[in-house]
Amino acid sequence: MTLHQLNIFRAVARHLNFTRAAKEIHLSQPSVSMQVHQLEDELGISLFEQVGKRVYLTEAGKILEGYVHRVMALLEET
């Protein structure tokens, strides 16, 4: 797990949209999807659920989102 992946996760969680997240962080949508997939593989859990064209955080994704906000706040404070 890298800070880069956590930053990407945070953007997708904020927008609930891979394309909008990619635009925000200046990456391609496939790159964002790949990084999220790698993070999910490493953690062994699904972070997002896609229903049609809509994206939702799973329960695990909601928990991780809370941790990511705390980690990023600590990094900014440091």
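The structure displayed is predicted, hence computed values, not measured ones.
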In Å and rounded to the nearest 0.5 Å, what is the OG1 to CG distance from T2 to N7?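 Rounded to the nearest 0.5 Å, the OG1-CG separation comes to 9.5 Å.
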Are M34 and V36 linked, directly or through intermediate hydrophobic residues, by side-chain heavy-atom contacts shorter than 4.5 Å (ILVMFWY only)?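 Result: no, two separate clusters.
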Linking I/L/V/M/F/W/Y whenever their side-chain heavy atoms sit closer than 4.5 Å, directly or via other members, would L6 and L16 fall into one cluster?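 Result: yes, single cluster for both.
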Looking at every non-hydrogen atom in both residues, tell me the closest pair between S46 and T58 and how far apart they are.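 Scanning both residues, the minimum pair turns out to be O-OG1, 2.7 Å.
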Pairs meeting criterion salt bridge (Lys or Arg N to Asp or Glu O under 4.0 Å) with involvement of residues 52-64, two or more places apart: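 Non-adjacent pairs meeting salt bridge (Lys or Arg N to Asp or Glu O under 4.0 Å): E59-K62.
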Other ILVMFWY residues reachable from Y56 by side-chain steps of under 4.5 Å: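 Besides Y56, the hydrophobic cluster comprises V51, listed by chain and residue number.
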Within residues 31-50 or reaching into it, pairs that qualify as ring pair (Phe, Tyr, Trp, His ring centres under 6.0 Å) - sequence neighbours excluded: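 As it turns out, the ring pair (Phe, Tyr, Trp, His ring centres under 6.0 Å) pairs with a partner in residues 31-50, which skip direct neighbours, are F9-F48, F18-F48.
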Does a donor on one side chain sit under 3.5 Å from an acceptor on the other, for Q29 and S33?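 Yes, a side-chain donor-acceptor pair sits under 3.5 Å.
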Using the side chain to side chain contact (heavy atoms under 4.5 Å, CB included) criterion, which residues pair with I45? Sequence neighbours excluded.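 Per chain and number, I45 pairs via side chain to side chain contact (heavy atoms under 4.5 Å, CB included) with L43, L47, A60.
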Derivation and outcome, side chain to side chain contact (heavy atoms under 4.5 Å, CB included), residues H4 and L27: CA-CA 11 Å; H4 181 66; L27 293 173; 4.0 Å; yes
Any pair with a residue in residues 14-25 that passes side chain to side chain donor-acceptor pair (under 3.5 Å), sequence neighbours left out, goes on the list, sorted by first then second residue, please.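 Listed by first then second residue: R14-E24, H15-E24.
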For residues 66-78, run the donor-acceptor check on the side chains, cut-off 3.5 Å, and write out each pair with its distance to 0.1 Å, sequence neighbours left out.
{"residue": "T78", "atom": "OG1", "partner": "L74", "partner atom": "O", "Å": "2.8"}

